[in-house]
Protein chains: 2
Amino acid sequence: MTEFKAQPPAGLEPSAASRAGASVYELIRDDIVSGRLKANERLVVAELAQRHRTSTNPVREALQLLRGEGFVVFSPNRGARVRPIDQDFVRDIYEIGVLIEPALARWFVGMATLEDIAELEAIQDEIERNNFADPIRHSELDTRFHTIMYERHYNRHAAELWWKHREVLRAVSRRFSFTLARRAQVMREHRELIQCIKDGDAERAAALVAQHVEGSGRHILEQMRAAEAARAG
Amino acid sequence: MTEFKAQPPAGLEPSAASRAGASVYELIRDDIVSGRLKANERLVVAELAQRHRTSTNPVREALQLLRGEGFVVFSPNRGARVRPIDQDFVRDIYEIGVLIEPALARWFVGMATLEDIAELEAIQDEIERNNFADPIRHSELDTRFHTIMYERHYNRHAAELWWKHREVLRAVSRRFSFTLARRAQVMREHRELIQCIKDGDAERAAALVAQHVEGSGRHILEQMRAAEAARAG
DNA sequence: AGACTACAAATAATGTATAATCAGGCGTAG
DNA sequence: CTACGCCTGATTATACATTATTTGTAGTCT
């Protein structure tokens, strides 16, 4: 069986410049995406340096990198703040996914080999065997399922964009669990998608992926709204 | 008449942290996008610091920012290199544009006011008056034309993405000039687009934008191929 | 009193300088 | 051809200067 650990598509993980830099970058990024750092929270360089046992230089660089990726916002002479991973943000990126993923999927239908299809089915089997019992595992399997379809796409830019968005959504949805309705929907859509690929029906596959991503986005948004309502009420 | 200087959509220009930082960032970025820095060229921090009369810190931060935006690639312990703005790169981003811009345009059709349409027409008049005589001016007007349609879109992420891609394409195409065929096509498509918006025909507007972006991308790619062939032959 | 302004101190970003380490590349000796 | 050692430059670490923003205080005006 193949590796079922969620991995970036092609051969390129941003992988920060080096040891300290990479670790600071990843730690801060995780803190943002997972919600440990609150929206709009100030990111004071000296504090972060102390917390992560490094000097200020790597922290400053990590923040700039995060700025370039959109996770951190700078105001001149007032430093960095956490970009809020709020409902708007999630909606924005899943809507972009709805536009991009169908195109990636359409291409895949024309390129899929028997091995690809076998692997998709193996993963789907595994997803069903797991049946959401282990949410982390489900997330990894599901990500892998889509990665197989997108990772060989010639448009590296689009694939990279997809992967970045995927990571954010994955981190956000870790906070929630799947509703029964959504579980059934995921299973059904994956199976249907595999069938489309087998049939070589690119258009239907694209439409299905659009629907799948749309559904996934809606699901997360509803969970976020519910959580917020619970917090407020 | 309104401002015809190309400007970012909403109120947010990345605008690096401060004077020196911003200028280093912009200068390096321009050098990359305009082709003054060649593909895969090494970006030695000390050199850049000297050339731009600053210390190494701002340079390193600018490079990290550029990395986050995808213009620079890092290898651990071997520093930064220019990400090649080659045909693949251009194709990648214009293809993404073909997917995203129609969605932005579709939304605009449902939101356009009489003032918006008047402004689009004014700009198109201006474009026709200029008639590609001043290419820079044409580029600014054309960018403004599209900015009007996209800048108020609720999906800030998508609008920002569009703007970043637009800047790259603008810089690349500065090296070339418009073929007669392309000139006519631009005029026709803009006028048709305005008509669609007046009619409230969102679907046709979206299709037209897709075609328009597709055509623009193809045009640039062909120019790039021609230039490369000329260089090689 | 309440509110507003001017100025001073505190906080932190930004830029500069310099050193210490470390990894990779290159040339030379064996 | 391989091993050793040197050189370049990346990366990290400090320390400090400069600048901008924020905050607080005191004095003044209404």
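Protein chains get the first letters and strands the later ones, always in sequence-line order, with residue 1 at the start of each.
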Once you apply a heavy-atom cut-off of 4.0 Å, does A/Leu43 come out as touching a base, just sugar-phosphate, or nothing?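 Sugar-phosphate, backbone atoms only, no base.
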
Side chain of [X] only, heavy atoms from C-beta on: which candidate in [options] is closest?
X       : options                : value
B/Val45 : D/dA10, C/dT16, C/dG24 : D/dA10
A/Thr54 : D/dA13, D/dA10, C/dT16 : D/dA13
A/Asn57 : C/dA12, D/dT14, C/dT16 : D/dT14
A/Arg78 : C/dT14, D/dT22, C/dA13 : D/dT22

Could you state the [atom1]-[atom2] distance from [X] to [N], rounded to the nearest angstrom?
X       : N      : atom1 : atom2 : value
B/Asn77 : D/dT8  : CG    : P     : 18 Å
A/Leu48 : C/dT14 : CG    : P     : 13 Å
A/His52 : D/dA13 : NE2   : C1'   : 17 Å
B/Gln50 : C/dA17 : CD    : P     : 11 Å
B/Tyr25 : C/dG15 : OH    : P     : 15 Å

Check the surroundings of atom CZ in B/Arg36: do more than 12 heavy atoms from other residues, nucleotides or ligands lie under 6.0 Å from it?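 Correct, the count exceeds 12.
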
Taking CD in B/Glu41 as the centre, count heavy atoms belonging to other residues, nucleotides or ligands within less than 6.0 Å. Is the count above 12?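 Result for CD/B/Glu41: enclosed.
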
Just checking A/His153 against A/Phe108, ring centres under 6.0 Å apart?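 Not under 6.0 Å, so no.
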
Is the distance between the ring centroids of B/His219 and B/Phe178 under 6.0 Å?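 Aromatic pair counts; centres sit under 6.0 Å.
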
Consider side-chain contact (heavy atoms from CB on, under 4.5 Å). Of A/Gln124, A/Arg170, A/Arg166, A/Arg137, which one does A/Asp142 pass it with?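 It is A/Arg166, the one option of A/Gln124, A/Arg170, A/Arg166, A/Arg137 that forms the side-chain contact (heavy atoms from CB on, under 4.5 Å) with A/Asp142.
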
Sole candidate of B/Val168, B/Leu65, B/Asp31 that passes side-chain contact (heavy atoms from CB on, under 4.5 Å) when paired with B/Phe71: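 By the side-chain contact (heavy atoms from CB on, under 4.5 Å) criterion, B/Phe71 pairs with just one of B/Val168, B/Leu65, B/Asp31: B/Val168.
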
Need the bend value for the helix from C/dA1-D/dT30 to C/dG30-D/dC1: angle between end axes, 5 pairs each end, nearest 10°.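 Nearest ten degrees gives 10° for this helix.
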
Report yes if at least one side-chain N or O of B/Arg60 is closer than 4.0 Å to OP1 or OP2 of D/dT11; otherwise report no.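 Answer yes for this pair, as a side-chain N or O of B/Arg60 is under 4.0 Å from OP1 or OP2.
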
Between C/dA13 and A/Arg42, is there an OP1 or OP2 to side-chain N/O distance shorter than 4.0 Å?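 Affirmative; the distance criterion is met.
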
Side chain to side chain donor-acceptor pair (under 3.5 Å) with A/His165: which residues, sequence neighbours excluded?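 None.
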
On DNA chain D, compare the nucleotides closest to B/Ala80 and A/Ser55; which residue's is nearer the 5' end?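 Counting from the 5' end, the first nearest nucleotide belongs to B/Ala80.
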
